[in-house]
Amino acid sequence: MTEPNRLSPFPAPDHQPVAGGIAARARAAASGGARYLAGLNPEQRDAVETLDGPVLVLAGAGTGKTRVLTTRIAHILSQGRARPGEILSVTFTNKAAREMKTRLAEMLGQAVEGMPWLGTFHSIAGRILRSHAELVQLKSNFTVLDTDDQIRLLKQLLQAENIDDKRWPARMLAGLIDGWKNRGLMPSQVPSGEAAVFGNGKGGKLYASYQERLKILNAADFGDLLLECIRLFRENPDVLRQYQNRFKFILVDEYQDTNVAQYLWLRLLSQAPSSSGSSLPGSTRQSIAASDEDGSPGHDAARRPGDDEKSVAVPGATPPPKNICCVGDDDQSIYGWRGAEVDNILRFEHDFPGAKVIRLERNYRSTGHILAAASHLITHNEGRLGKTLRTEDVEGEKVTVTGAWDSEEEARGIGEEIEELQRKGEHLNDIAILVRASYQMREFEDRFVTLGLPYRVIGGPRFYERAEIRDALAYLRVINSPADDLAFERIVNVPKRGLGDATVQMLHDHARKRRIPLFEAARAVVETDELKPKARGSLRQLVLQFERWRAQREVTPHTELAEIVLDESGYTEMWQKDRSADAAGRLDNLKELIRSMEEFENLHGFLEHISLVMDREGAADEDAVSLMTLHSAKGLEFDNVFLPGWEEGLFPSQRTLDEQGRAGLEEERRLAHVGLTRARRRAKLYFATNRRIHGTWTTTIPSRFLDELPAGSVEITESKGGSGWGGAGGYGPSRFDNVESFGSSYSTPGWQRAQARRPGAARGATEGGFKEEQSPFSGRDPFGGGFGGNFGRSKRGPLTIEGELVAKSTGTTSEFALDDRVFHQKFGYGRVVKIDGNKLTIAFDKAGEKKVVDSFVERA
DNA sequence: GGCAGTGAATTTTTT
DNA sequence: ATTCACTGCC
């Protein structure tokens, strides 16, 4: 194969780092044995030292998974078993890859520079693909399409097929194609029944033509990076053999999250290289059949296509087992909905005969009660490999379960508990709120803003998915490759140039007729009088601009060129003129984009990797509460974890239950397990009896998962957010008082009443405490919760603030006026866009639109 | 071609 | 409730 591109994110070429390996070896020897092995427990050590043959490490939450992986690499290197370039080490996210590199660097010093094959599935597969692109009908500089491009392309195809994209949305097709790719299916391999469900039987055809279009555009989507790589290996045994020979050791992180395509890819690479390249029997069928029989219901579609026929070899017969080590936790498989196959990990021993399975069950993270709760909960799942987490830590505080009247009270209660923790000296950085669905976050944000409590949302739209970033990238893409039609189309009228659908349609026709890219078509069309003078003029100007930029590219550094392009195209100006709230933020993002380009040598190198490596970077040194979904919390840990929204329908999610049945429920339960195991010292669960879903109030039932917790490790507490309503004995968690067994608490009278209540039924005073006012600013509730017992203990004085709120909220209008320029301590400068009593909606320059109480802002 | 008004949808998320 | 996308009108 060709030498990896110089601009690859893996900085050093294969051969160079050997010195590092030797250095590490020498270091290990010099220190009289393997220093890096010290401090590992026996199981961990076993996982590190069992180098030969397939190994499955079942690493429960908090058992030192990453440590094992990195130490294992160090061990391989220091034993001289392989050079850095001979170890393939795959993760799912860039973040995980980065962390491994960092930790390896700590362990080995500079040697980490030499781990060229440590990266995500996609980046590594993409890199291999670029080296042999021509074998899969691509050029080595192919573009990686993001979801947006994908949808746009599919829309065109749907149009061409005259399919009503109302009835058959492009999004849906994109989802289907993605699913097929996740399962390793080329267009011809999609079961015809499945392909027919879309667009009156045209699904399969559309998939095929989509793939054709991608080739014409010299593009690949994310799924292709793996799928085409698999095809490359299958169709070119000699190429496959190169890689099989190269990789002496394979390590896989988060194996429970692998999908079929990733599994197939690993299988191909993990086969011992064979001289003939095709001597492998297809005995996999048996394992498939077996797993289908005892597998969960309704998953016949999930059988492994492509496993049949010649494609995948099974080391069952004779070939010596490859040294593959997969690390994962079946209890943390939470990505089934996007194609992950828990089956991969459940069947590991079957797939890799002779595999050694090592369980890491000693948890170094959580206290006894938390671990007990998490472990007990997860035992309700069937179909697991079974681990029993244990800790030598203290029992610690019990897991608390708190009921709240509604989601506002829940947010209020959590807000107060956080302030209390803060008073006890906890750092906000050690506190996280983990929600099931992102819409739950808003309520917390609102609450924290009024409290002035710093928080940080983790997750959300990724940097490179933002419109302005994609627009900017599109400009650069067109400069880099004039044939990038999708990019051209994206920016042809951004900023507005008077080149609308009509013009674009015209260009399309022209381009198709002559089989030339859109840009070429544009160049040709401006020479004709097919367009109205106005459109023709701006199109000509655009073409000329691009040609000028391309010429400048030779003599101008790429970062500078990017600035010139954004400037001259009027793109920057477009946002500068934009009066909307987030315009300033977008301009910042563009600056950030240009800054990030500096790491790359030139435009080409930047574009080649940007779609794969770019992610949001947190400039997060400030002490703040973390707010995120359970999914994005995987892999993280916090001293104090709040888990709101444990209600039927929300968690477990009704939709998952409907769509995936029991498998879905089990995945939700694993999600609950993940949530609990994020906590080191305190885990606090909440449920609300009423929750607003899509604008309407709905009465909910506490999650069945609450019933599945071990009573001995759980404590029912009162909601601090609303205990004040109606005084003592008011509605609320007090109904749990004196309830011995947690599981039975739902049969208490108060509880039954709550259940009997109809959604939306007005029932104000029956419990003597239902709010008359929903607003958190209504005079009573801040006193209720706040003055209850904590008065005066606050360092920052949130109670005083509440007092202010109360005082000011009584009808007096705000002293601010619309359009006033204001300043807020956390959000910076902004403009008042809406006034509601003392509640202001402010469009902050940086932070976007937020609702804030007027006492928090001052005139700017 | 641009804008305003209406209508439908609405978990989870990486690459 | 809110957002986002699309239609119909200027």
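Since the structure is predicted, the reported quantities are computational estimates derived from the model, not experimental observations. Just so we're on the same page: letters track the sequence lines, and every chain starts at 1. Hydrogens, waters and symmetry mates are skipped; everything else that's a heavy atom, side chains included, is used.
- Between A:G498 and A:E668, the one whose closest nucleotide on DNA chain B sits nearer the 5' end is A:G498.
- Residue contacts for A:R692: at a heavy-atom cut-off of 4.0 Å it reaches no nucleic acid atom on any strand shown.
- A:T91 comes within 4.0 angstrom of no nucleic acid atom, judged by non-hydrogen atoms across all strands.
- Of the candidate nucleotides B:dT12, B:dC3, C:dC6, B:dT12 has the atom lying nearest to any side-chain atom of A:H631.
- Residue-level contact check: A:L650 touches neither bases nor backbone, having no heavy atom under 4.0 Å from any strand.
- Residue contacts shown for A:T696 are absent, as no nucleic acid heavy atom lies under 4.0 Å away.
- Remark: C1' of C:dC4 and CG of A:D148 are 13 Å apart, rounded to the nearest angstrom.
- Counting any heavy atom pair closer than 4.0 Å across all strands shown, A:Q262 reaches no nucleic acid atom.
- Using a 4.0 Å heavy-atom distance criterion, A:A502 is classed as a sugar-phosphate-only contact.
- For the side chain to side chain donor-acceptor pair (under 3.5 Å) test with A:R691, the passing option among A:E408, A:E410, A:E443 is A:E410; the others fail.
- Between the C1' atom of B:dA9 and the NE2 atom of A:H694 lies a distance of 8 Å, rounded to the nearest Å.
- The ring pair (Phe, Tyr, Trp, His ring centres under 6.0 Å) search around A:F198 returns A:W168, not counting sequence neighbours.
- A:D331 and A:Q256 share no side-chain donor-acceptor pair at under 3.5 Å.
- In terms of the ring pair (Phe, Tyr, Trp, His ring centres under 6.0 Å) criterion, residue partners of A:F448 (sequence neighbours excluded) are, by chain and number, A:Y455.
- Evaluation of A:W337 against the base of B:dT12 yields a stacking contact (centre distance < 5.5 Å, interplanar angle < 30°).
- Residue A:T93 is in sugar-phosphate contact alone, with no base atom involved, counting any heavy-atom pair closer than 4.0 Å across all strands shown.
- Within the nucleic acid shown, A:N493 comes within 4.0 Å of sugar-phosphate atoms alone, with no base atom in reach, counting heavy atoms only.
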